[in-house]
Amino acid sequence: MNTENCITLKDVAIGYSGNTILRDINFSLKKGEFAVLFGPNGCGKTTLFKTILHIIPPIHGTIAYGDDYTPRFGYVPQRQHLDEIYPFTAEEVVLMGTFGQSKPFYPTSKTDRSLVEQCLKDVGMLELKKDFFSELSGGQKQRILIARALATRPNVLLLDEPITGLDVLAQKKIIELISELHKKRQLTIMMITHEVHHIPSWVKKIIHIHHYKVVLGSLEEIISLSRIDEIPT
Ligand SMILES: Nc1ncnc2c1ncn2[C@@H]1O[C@H](COP(=O)(O)OP(=O)(O)OP(=O)(O)O)[C@@H](O)[C@H]1O
């Protein structure tokens, strides 16, 4: 495998309990690349993320990593699913990101505490760390979920619809934050969206799920395909 590629999907089929949702998925991500996974509601974007994260196995095909490359995934799930079930402060939510690497029932280490502080600082939420997660605005919640993912010390960040449901200004700020983190931490990033106008104009790689097929395309190609889909038949 090309050493520049950190993740390669080859002839992958995804789905649940043997029922295929999408097949013939073929693409690679280079180290430090920023890719958008775009497609309509219910087409299988989150399922593809779950497969890449090994939460569910692929029905067919392989997911390979570059030579000498071990991916450490940070996952930012859809915010709407978490809003009401989190009776924790912002800081406690970020701390959860460290749990996968700490020993059970041990008090939080100083290293983890300072990691949490750094992640809160990096997303601009240090001052609100004692506020309840449930009482934060949509944009602030998104920042905390990004900080929680950063606290897992990732080299690959997967973001599921990070700007859906935010107002235009908050969307702009979250995209700026993600872009800044991408550069500063040299992360490989994959971001899901189902709205074409949520794709930043500077994104070069777009993985498009279109009519049950996974294709790579430029933003211009994706926009023209979306327009064709909007024409009534
Ligand atoms: N745990 C599950 N078991 C069986 N089917 C599921 C499960 N989770 C999702 N599905 C189905 O898989 C299909 C793809 O869902 P998925 O959540 O991956 O789509 P999506 O593109 O991320 O949608 P959205 O944009 O609405 O988040 C849907 O038909 C959904 O009902």
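This is a predicted model, so every value here is computed, not measured. Every number for a ligand or one of its atoms is a count from 1 in the order of the listing.
- Look at Lys130 and Glu91 and you find a salt bridge, because one of the NZ, NE, NH1 or NH2 atoms lies within 4.0 Å of a carboxylate O, short of that distance.
- A salt bridge links Arg185 with Asp122: the distance from a Lys NZ or Arg NE/NH1/NH2 to an Asp or Glu carboxylate oxygen falls below 4.0 Å.
- The protein non-hydrogen atom at the shortest distance from atom 19 (O) of ligand 1 is Gly44 N, 3.2 Å.
- Between Phe73 and His54, the two ring planes are perpendicular [angle over 60°; tilted spans 30° to 60°].
- Looking at Ile21, Leu48, Leu22 and measuring to atom 12 (O) of ligand 1, the nearest heavy atom belongs to Ile21.
- The nearest protein atom to atom 17 (O) of ligand 1, hydrogens excluded, is given as Thr46 CB, 3.7 Å; this is a heavy-atom distance.
- For atom 26 (O) of ligand 1, the closest heavy atom belonging to the protein is Asn41 ND2, 3.0 Å.
- Scanning all heavy atoms of the two residues, the minimum distance from Leu145 to Pro77 falls at CD1-O, 4.4 Å.
- In the vicinity of Glu161, heavy-atom distances shorter than 4.0 Å reach the ligand 1 atoms 25 (O).
- Inside a 4.0 Å radius of atom 31 (O) of ligand 1 there is not any protein heavy atom.
- Ligand 1 lies nowhere less than 4.0 angstrom from a heavy atom belonging to Gly39.
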Should Gln78 and Thr46 be marked as a side-chain contact (heavy atoms from CB on, under 4.5 Å) after you check the CA-CA gap, both sets of side-chain angles, and the distance that decides it?
CA-CA 9 Å; Gln78 287 186 23; Thr46 303; 3.6 Å; yes

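- For atom 25 (O) of ligand 1, the closest non-hydrogen atom of the protein is Lys45 NZ, 2.8 Å.
- Ligand-side atoms of ligand 1 in range of Gly42: 13 (C), 14 (C), 19 (O), 20 (P), 21 (O), 23 (O), 24 (P), 25 (O), 26 (O), 28 (C), range being under 4.0 angstrom from any heavy atom.
- Looking only at protein heavy atoms, the nearest one to atom 16 (P) of ligand 1 is Thr47 OG1, 3.6 Å.
- Nearest approach of Arg153 to Thr111, heavy atoms of both residues: NH2-CG2, 4.1 Å.
- A heavy-atom separation below 4.0 Å is found between Pro40 and ligand 1.
- The protein atom (non-hydrogen) at minimum distance from atom 27 (O) of ligand 1 is Gln78 NE2, 2.9 Å.
- Contact detail for Lys45 and Gly39: the closest heavy-atom pair is NZ-O, 3.0 Å.
- One finds a salt bridge joining Glu117 and Lys129 here, because a Lys/Arg side-chain nitrogen approaches an Asp/Glu carboxylate oxygen to under 4.0 Å.
- Among all protein heavy atoms, the one lying closest to atom 5 (N) of ligand 1 is Tyr16 CD1, 3.3 Å.
- Phe34 meets the ring-ring contact (aromatic ring centres under 6.0 Å, His included) test with His182, Trp202; sequence neighbours excluded.
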